[in-house]
Amino acid sequence: MSPLVLALIATLWVSAISLVGIVVFYKRRPTERGNAFLLSFAAGVLLATSFLELLPEAVHKAEHDENVFIATLVAMIVFFLLERMLHGFHVHEEDSHAVTSRYLILVGDGLHNFIDGIIIAASFAVSPELGFATTFAVTVHEVPQELADFGILIGGGFSRSRALLLNFVSGLTSVLGALAFFLVSPAIEGQIAWFMTATAGMFIYIAGSDLIPQLHHHRTGLSAWIYMPFLGGVILIAIMGALIAH
């Protein structure tokens, strides 16, 4: 299959994750322990994908471009500014009492999904293996985020059916992101390494500023095991990378 077809399939899959809320807690919310497990695993996967997959691949593609890591810093700064501007960007279950943030959540999530689509498309443009690894990393982050967003929309006053529909529409922006990337890919084909380092910056920022701090605020009783899914995510990506290399 062509990179475009693979990217569209992957982004449709990522969009469908927005429906996970109706499967998991249409009638009940996830337990604190279950949510902590998902967040911990997602943090490990995002960091491992950044440092074991994306950054090494970017170095290989950059062909001695010493400035390529500027994109990592810029991506982290942009995500920080977006988070501060939109307030609802990556807001999780603890903030579900903020009724007025429900539309900001949809806007922020839509923008984030659009960027995810670009990230996935750029990864498939490099290789199917990197594309699948990046899609997996996006998936494990999207599951806890979409669960949280669904709960926030419900807490903000939306009906379950409306919250589900709006969340899904927001998720479809990842498909638009993939299409946008391939529409302009001839002009940026030589800049793939910059997209890879920017992707790593986004993943590092999400894990470091969003997921890991939430884990630190969970109850003390959870701290004894909370590192296991985190390490499991790191090990899983490392094993995937070793298998792909061979």
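Atom set for the values below is all heavy atoms of this structure, side chains included, hydrogens, waters and symmetry mates excluded.
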Subject >> Under 3.5 Å: donor-acceptor pair, side chain of Thr72, backbone of Gly201 >> reply: no
Original post:
Judged by atom type as modelled, is there a donor-acceptor pair below 3.5 Å linking the side chain of Thr197 to the main-chain atoms of Val68?
Top reply: yes
Once you round to the nearest 0.5 Å, how far does [atom1] of [X] lie from [atom2] of [Y]?
X      : Y      : atom1 : atom2 : result
Met76  : Ser209 : CE    : OG    : 7.5 Å
Ser123 : Glu53  : OG    : CD    : 10.0 Å
Ile17  : Asn167 : CD1   : CG    : 11.5 Å
Thr134 : Leu46  : OG1   : CG    : 10.5 Å
Leu54  : Ile119 : CG    : CD1   : 8.5 Å
Phe79  : Ile206 : CZ    : CD1   : 4.5 Å

**OP:** Test side chain to side chain contact (heavy atoms under 4.5 Å, CB included) on Leu47 and Phe230 and set out the steps.
**Re:** CA-CA 10 Å; Leu47 290 176; Phe230 178 87; 3.8 Å; yes
Which pair of non-hydrogen atoms, one from [X] and one from [Y], has the smallest distance, and what is that distance?
X      : Y      : answer
Ser15  : Phe168 : O-CD1, 3.7 Å
Gly177 : Ile118 : O-CG1, 3.4 Å
Gly232 : Phe41  : C-CE1, 4.2 Å
Phe124 : Gly131 : CZ-C, 3.6 Å
Asn113 : Gly171 : ND2-CA, 3.3 Å
Ala43  : Ala207 : O-CB, 4.1 Å

Indicate if [X] and [Y] have the same hydrophobic cluster label, given that clusters are the connected sets of ILVMFWY residues with side-chain heavy-atom separations under 4.5 angstrom.
X      : Y      : value
Leu73  : Phe51  : yes
Val138 : Phe132 : yes
Val14  : Val169 : no
Met196 : Leu52  : no
Ile70  : Val59  : yes

Which donor-acceptor pairs under 3.5 Å do the side chains of residues 4-11 make with protein atoms, sequence neighbours left out?
from: Thr11; atom 1: OG1; to: Ala7; atom 2: O; distance (Å): 2.9
from: Thr11; atom 1: OG1; to: Leu8; atom 2: O; distance (Å): 3.0

Subject >> Test log, rule side chain to side chain contact (heavy atoms under 4.5 Å, CB included), inputs Ile115 and Thr199 >> reply: CA-CA 9 Å; Ile115 295 173; Thr199 300; over 6 Å; no
**OP:** Evaluate the side chain to side chain contact (heavy atoms under 4.5 Å, CB included) criterion for residues Val45 and Phe203: first the C-alpha distance (whole Å), next the side-chain angles of each, then the deciding distance (0.1 Å), finally the verdict.
**Re:** CA-CA 9 Å; Val45 168; Phe203 283 177; over 6 Å; no
**OP:** Evaluate the criterion side chain to side chain contact (heavy atoms under 4.5 Å, CB included) for residue pair Tyr205 and Ile77; output intermediate values, then yes/no.
**Re:** CA-CA 9 Å; Tyr205 180 84; Ile77 293 173; over 6 Å; no
